[in-house]
Student: 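I'd like to ask you about the structure that follows.
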Amino acid sequence: RVLFRSMWKLEFDLSMKEDIIVEAYNEKLWNYRMPVYIFVMFIGVFGIINLLNTLITNILTRKRELGVLQAVGLSSKQLSKMLLIEGLFYTLGVLLLSISCGTLIGYLLCTVFSAMSIFGKVSYHFPTVEMFSYFILMLAVQMLFSYLAIRQIKKQSLVDQIRELS
């Protein structure tokens, strides 16, 4: 009985030490991950701001052209459809570029970290959920912007649109 108690106590002590080691490793890993997550979110926000800047610049520089097109017979429905499709092309281009470059960079970083043995053997897994979330967010931002831009253009008279940049 005494031998059993001492063996149980030894196993219990070893499992506690193992739990402490695993917890310390997970905490250290989290300390490495947090800055990476912040950096990735910063890049994502920067990408959304860049998309908005491109869409806003496109609308502002083409306001006169859009007014002339409406003056010669372009309906509001056709204008809305045209601006929405243009925005979708920008968004899909950004997403394709993000997926291709991001996948390549992620794979290369995993290969480098694996070779350096900082985190042990690191294998690359495509971030499907994160990419899908980013895709939905980009589409939502683009659709909202297109809706607001179309609403703003419809508020202005044709004469004001044509005269604005002359």
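Because only heavy atoms are used, hydrogens play no part in the values below, and waters and symmetry mates are left out as well, while side chains stay in. The structure presented is a predicted model; accordingly, all values stated were derived computationally and were not measured.
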Student: Within a strict 4.5 Å, meaning less than it, do heavy atoms of the Gln70 and Ser76 side chains meet?
Tutor: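 Touching, per the 4.5 Å side-chain cut-off.
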
Student: Using every non-hydrogen atom in the two residues, find where Thr103 and Tyr124 come nearest and quote the distance to one decimal.
Tutor: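 Heavy atoms only, the tightest pair is CA-OH, 3.6 Å.
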
Student: Is a side-chain N or O of Thr57 found less than 3.5 angstrom from the main chain of Thr54, in a donor-acceptor match?
Tutor: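 Pair absent, no side-chain N/O of Thr57 close to backbone of Thr54.
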
Student: Would you confirm whether Gln78, through its side chain, and Ser75, through its main-chain N or O, come within 3.5 Å as a donor-acceptor pair?
Tutor: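 Indeed, once roles are kept as given, a pair shorter than 3.5 Å links the two residues.
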
Student: Distance from Leu148 atom CG to Leu55 atom CG, nearest 0.5 Å?
Tutor: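 Nearest 0.5 Å value for the CG-CG distance: 11.5 Å.
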
Student: First locate atom CD1 of Ile59, then atom CD of Glu65, and finally report the distance between them rounded to the nearest 0.5 Å.
Tutor: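 CD of Glu65 is found 10.0 Å from CD1 of Ile59.
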
Student: For Glu86, which residues count as a salt bridge (charged side-chain N to carboxylate O under 4.0 Å, His left out) partner, sequence neighbours excluded?
Tutor: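 Expected list: Arg62.
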
Student: Kindly work out whether a path of hydrophobic side-chain contacts (I/L/V/M/F/W/Y, heavy atoms less than 4.5 Å apart) joins Tyr147 to Leu52.
Tutor: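 No; Leu52 is not reachable from Tyr147 via cluster members.
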
Student: State the CD1-CD1 distance between Ile49 and Ile56, to the nearest 0.5 angstrom.
Tutor: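 Answer for the CD1-CD1 pair, Ile49 versus Ile56, is 10.5 Å.
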
Student: Evaluate the side-chain proximity of Leu51 to Thr91: yes if any heavy-atom separation is below 4.5 Å, no if none is.
Tutor: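 They are in contact (side-chain heavy atoms under 4.5 Å apart), so the answer is yes.
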
Student: Once you round to the nearest 0.5 Å, how far does CG of Leu108 lie from CG of Leu104?
Tutor: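 These two atoms lie 4.5 Å from each other.
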
Student: Please examine the side chains of Leu79 and Leu69, heavy atoms only from C-beta on, and report whether any two atoms are closer than 4.5 Å.
Tutor: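 No, side chains not in contact.
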
Student: Could you walk me through whether Leu66 and Leu83 pass side-chain contact (heavy atoms from CB on, under 4.5 Å), step by step?
Tutor: CA-CA 10 Å; Leu66 297 174; Leu83 291 176; 4.2 Å; yes

Student: To the nearest 0.5 Å, what is the distance between CG (Asn53) and CZ (Phe46)?
Tutor: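 CZ of Phe46 is found 9.0 Å from CG of Asn53.
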
Student: Phe89: which other cluster members, linking ILVMFWY side chains closer than 4.5 Å, directly or transitively?
Tutor: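 Noted: Phe89 shares its cluster with Ile85.
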
Student: I need the Lys155 NZ to Ile150 CD1 distance, nearest 0.5 Å.
Tutor: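 Between Lys155 NZ and Ile150 CD1, I get 13.5 Å after rounding to 0.5 Å.
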
Student: Return all side-chain donor-acceptor pairs below 3.5 angstrom for residues 126-145, not counting sequence neighbours, or 'none' if the list is empty.
Tutor:
from   : atom 1 : to     : atom 2 : distance (Å)
Thr128 : OG1    : Phe126 : O      : 3.4
Ser133 : OG     : Val129 : O      : 2.9
Gln142 : NE2    : Ser146 : OG     : 2.8

Student: Is Val94 reachable from Ile99 through a run of I, L, V, M, F, W or Y residues, each pair having side-chain heavy atoms under 4.5 Å apart?
Tutor: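 The answer is no; the residues belong to distinct hydrophobic clusters.
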
Student: Taking only residues at least two apart or on different chains, which pairs with a member in residues 103-115 satisfy salt bridge (charged side-chain N to carboxylate O under 4.0 Å, His left out)?
Tutor: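 Listed by first then second residue: nothing to list.
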
Student: Can you sort out the partners of Phe39 under side-chain contact (heavy atoms from CB on, under 4.5 Å), two or more places apart, ordered by chain and number?
Tutor: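 So Phe39 forms a side-chain contact (heavy atoms from CB on, under 4.5 Å) with Ile43.
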
Student: With sequence neighbours left out, which residue pairs that include part of residues 92-108 fulfil the salt bridge (charged side-chain N to carboxylate O under 4.0 Å, His left out) condition?
Tutor: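 For residues 92-108: none.
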
